[in-house]
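Accompanying notes for the structure given below.
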Amino acid sequence: MKVWEVMEEAHIRMYPDDLVVYARSLFRKYGLRCIPIVNDLIENICLGFITRKEVLAATSRKSNIKVKDVMRDRPLLLPDMELAEAVKIMRQHNVHACPVVDTLQHKKLIGILTLRNIIRILRKAGYKPLAITVNEVMTRKDIPIAYPTDRVNIIWKRFLFEGENAIIITARKQSLIPIGIVTPFDFIKSGRWHFRRESETGTRSIARVKVVMTRGVMVAYPNSPIDFVADVIAENDFTLVPVVNESGKVIGYLTQFDVVRAYLEGRKPKRIRLPPVPIIIPEKPEEKIVYMTERARLLTVLLPRKAPVKPIGLLASNIMRAEIPAVEYKLNLEHARNYMLRSKSNYLLVLDEKGRIKGYITSGNIITVIAEKGPLWKRRTYDKTFIEEVMGTDIPEVDPSTPIEEIAAIMYSRKCPIVIVGSRESPQGYITKDDVVYAAKDLLGKELTVENVIYPAGLGIAHPHHTLSHAIKRMQAYYLDALAVYDGAKIHGVLSENRLPFIALEDNVKGVKSRRLLWVRRLVKGGRKLARYIKITPLLVEDAMVRVFETVKLTDTLDVVIELFKKYNIDGIPVVDEEGRIIGIICKNDILRELARRVKVAMKKIEGEEAKIHV
């Protein structure tokens, strides 16, 4: 395999006179391994490159050090090099990424080669490792170890001058049990290596490693399969994975170089092959998410009804509303959220510069962003997300004579909570999911009970200590707009889609709300306490739920449920059996699904879409 088959495009480039502190912002924002330095964007001649380690040369936020003062001018790779040769050169220079140029004479930049991408491409291409277990390629000598109380300037020297790429953090010398890891990227993210080495006055207090390091670390065993560890390293771009024995003590470590060697060269000399042990990650039943097809979701209920299907008799013209609040597509998501609060609407149209309908945004779009941000989601990230990036663009158009059942089928199959009555150019009105559900109250509510429309037991339940990200992914997997929050003993409330983006997770005094664990000590005897370390943990379901303790039973009719939706302004109500045991939740999407089941056209559309996918 050649270098050109694995290299990536160099999207980010810098110039020699750019400041290193600017490079730090690029590394932090994009998670890069290296940034090529070019003379200009036209000639695109590669003068060298800068890695995460070189960024650490600037020890003050006001540093005047320029990129040209710290950049590397080698190695530079060629596209026709064999992959094994390129990796050997990278190992000699101890870099995880470097530029690829057309020739060593012209040095025109054409891409970047990273160890992470090599591993990903080898796995994707179906290459089998020549070394099967971690023991065959792991590094045993000179294990990089440090302790939480070490000063960051000591670790800084090891990164910058001793060639360390990552350091394992253990609690004590005697135990050698890893509790975390620290890399140059941790320094870049935290900024706590800025101990003002460049200033005349210096600083009185230098941070400790425990405020910089990543707490918790994935470990491997000598008999762990290489292919499993390779997938984890490639997915998360881990620099180093500690290898531990049965007692949990560090006996070595596995680097990206070791993983690539396992695929290209095989085992190291005098290493034995241990029988690989399959890696099984246990998953609690209540946390397991099983993704369903749209047909399965449409047909799956706790108890199918046996009553004949009767049309409700409502048309689009009977339930449409005259207008929906609108925003411009160039604004950020925080603006949309605030406008939803002011207009008391969960639905917004998105307009272009000329006032034409470009798409829509709902509370569902916003919580999708929350899930994508991961468990450490913070409200302030909205400032960096624009409406155009997350809005929906597929708005169905229906005639005024369209039955409500067909409208529900369109919303359910296309996952769009808004339809236009008429056309985008000349709309006569608009219909939202809430309009459909509330309109069905009097006509459908007396006919069906909760058990005719609710999902099977357990699918709509989340534990209070589940991460918010996990709960949102569960809602998306089962097409639910609410979850019952239950800890195994009592119901704590409801996680509701229409309320989730507006929960007060931020205030004017303390800023972003997150769970913080503080380690406090006195700087001087008798002095006031100052926090020396703050750890931010993921936001949990209980941080964002609505405390609703009212429930419904399986025998309650849907009109009772819909009335509770209005009363508490939520998208779901917990369901219990006759003995008070939690079964799940009934939500607006369940009622929408029931209406969609009444239309044969919906089934044909869904079956046709699935047939195309399978073909």
Side-chain angles (χ1 to χ4, degrees), residues 1 5-6 33 82-92 94-97 113-146 163-171 175-183 214 216-283:
M1 187 174 284
E5 300 179 73
V6 219
R33 283 284 182 176
E82 290 291 338
L83 198 56
E85 181 186 356
V87 172
K88 183 179 179 181
I89 294 173
M90 293 171 69
R91 185 187 291 118
Q92 290 173 349
N94 192 24
V95 292
H96 286 70
L113 183 69
T114 67
L115 292 177
R116 179 192 187 186
N117 209 45
I118 292 174
I119 298 171
R120 293 170 66 178
I121 297 297
L122 290 173
R123 293 289 295 147
K124 189 175 181 180
Y127 275 69
K128 299 297 181 183
L130 302 176
I132 306 301
T133 60
V134 168
N135 183 68
E136 299 172 53
V137 292
M138 61 181 278
T139 303
R140 294 182 178 273
K141 297 181 179 180
D142 302 324
I143 302 175
I145 290 178
E164 300 281 13
N165 296 311
I167 297 175
I168 303 167
I169 308 300
T170 63
S175 67
L176 288 181
I177 296 177
I179 62 171
I181 197 167
V182 62
T183 66
T214 299
V217 59
M218 176 189 169
V219 298
Y221 295 92
N223 55 358
S224 297
I226 278 290
D227 52 1
F228 174 81
V229 182
D231 286 338
V232 175
I233 286 178
E235 180 180 354
N236 300 281
D237 197 16
F238 288 155
T239 302
L240 173 152
V241 172
V243 181
V244 300
N245 58 18
E246 295 179 355
S247 303
K249 294 184 178 181
V250 178
I251 58 175
Y253 59 95
L254 192 73
T255 67
Q256 292 188 5
F257 284 113
D258 295 331
V259 173
V260 173
R261 179 193 174 97
Y263 281 88
L264 300 182
E265 303 175 42
R267 72 177 74 175
K268 293 181 179 180
K270 299 181 181 181
R271 294 291 177 88
I272 61 172
R273 175 172 296 175
L274 300 175
V277 177
I279 302 295
I280 301 176
I281 301 177
E283 191 172 35

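Computation of the quantities below employed the complete heavy-atom set of this structure, encompassing side-chain atoms and omitting hydrogens, waters and symmetry-equivalent molecules. We count residues from 1, following the sequence as given.
Separation of atoms CD (Q256) and CD1 (I119) is listed at 5.0 Å; rounding is to 0.5 Å. One finds the CG atom of N223 at 13.0 Å from the CD1 atom of I132 (value rounded to the nearest 0.5 Å). I233 contributes atom CD1, which lies 10.5 Å from atom CZ of F228 (distance to the nearest 0.5 angstrom). In this structure, Y263 OH and I118 CD1 are separated by 13.0 Å, a value rounded to the nearest 0.5 Å. Atoms OG1 and CZ, from T255 and R91 in turn, are 8.0 Å apart once rounded to the nearest 0.5 Å. With rounding to the nearest 0.5 Å, the separation of OH in Y253 from OG1 in T139 is 4.5 Å.
Under the side-chain contact (heavy atoms from CB on, under 4.5 Å) criterion, L130 pairs with no residue, sequence neighbours left out. Applying the side-chain contact (heavy atoms from CB on, under 4.5 Å) rule to I121 yields the partners M1, V6, N117; only residues at least two apart in sequence or on another chain are considered. By the ring pair (Phe, Tyr, Trp, His ring centres under 6.0 Å) test, F257 pairs with H96, sequence neighbours left out. Residues passing the salt bridge (Lys or Arg N to Asp or Glu O under 4.0 Å) test with E235, sequence neighbours excluded: none. Under the salt bridge (Lys or Arg N to Asp or Glu O under 4.0 Å) criterion, R271 pairs with no residue at all, not counting sequence neighbours.
For the pair I251 and M138, the minimum side-chain heavy-atom distance is below 4.5 Å. When side chains are defined from C-beta on, I226 counts as touching V134, because their heavy atoms get closer than 4.5 Å. Looking only at side-chain heavy atoms (C-beta outward), K249 and T170 stay at 4.5 Å or farther from each other. Counting heavy atoms from C-beta outward, L115 and V259 have side chains that stay 4.5 Å or more apart.
Taking every heavy atom of both residues into account, I143 and G252 meet most closely at CD1-N, 3.6 Å. Of all the heavy atoms in R261 and P269, the pair that sits closest is NH2-CD, 3.9 Å. V244 approaches P222 most closely through the heavy-atom pair O-CD, 3.3 Å. The shortest heavy-atom contact between A166 and P144 is O-CG, 3.4 Å. Here the closest non-hydrogen pair linking I168 and P178 is CG2-CB, 3.8 Å. Contact record, G266 with V137: O-CG1, 3.7 Å, taken as the closest heavy-atom pair.
Using modelled atom types, one side-chain atom of N245 and one backbone atom of S247 make a donor-acceptor pair closer than 3.5 Å. Without hydrogens or angle criteria, R33 side chain to D237 main chain gives a donor-acceptor distance under 3.5 Å. Not one N or O on the side chain of R267 forms a donor-acceptor pair closer than 3.5 Å with the backbone of A262. Using a distance-only test at 3.5 Å, with no hydrogens or angles considered, no donor-acceptor pair links the side chain of N165 to the main chain of T239.
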Item checked: Stepwise side chain to side chain contact (heavy atoms under 4.5 Å, CB included) check, T183 with T214 -> CA-CA 9 Å; T183 66; T214 299; over 6 Å; no
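Sequence neighbours left out, the pairs with a member in residues 222-232 that pass salt bridge (charged side-chain N to carboxylate O under 4.0 Å, His left out) are R123-D231.
Few gaps surround CD on Q92; more than 12 heavy atoms of other groups in view lie less than 6.0 Å from it. K88 NZ: 12 or fewer foreign heavy atoms inside a 6.0 Å radius.
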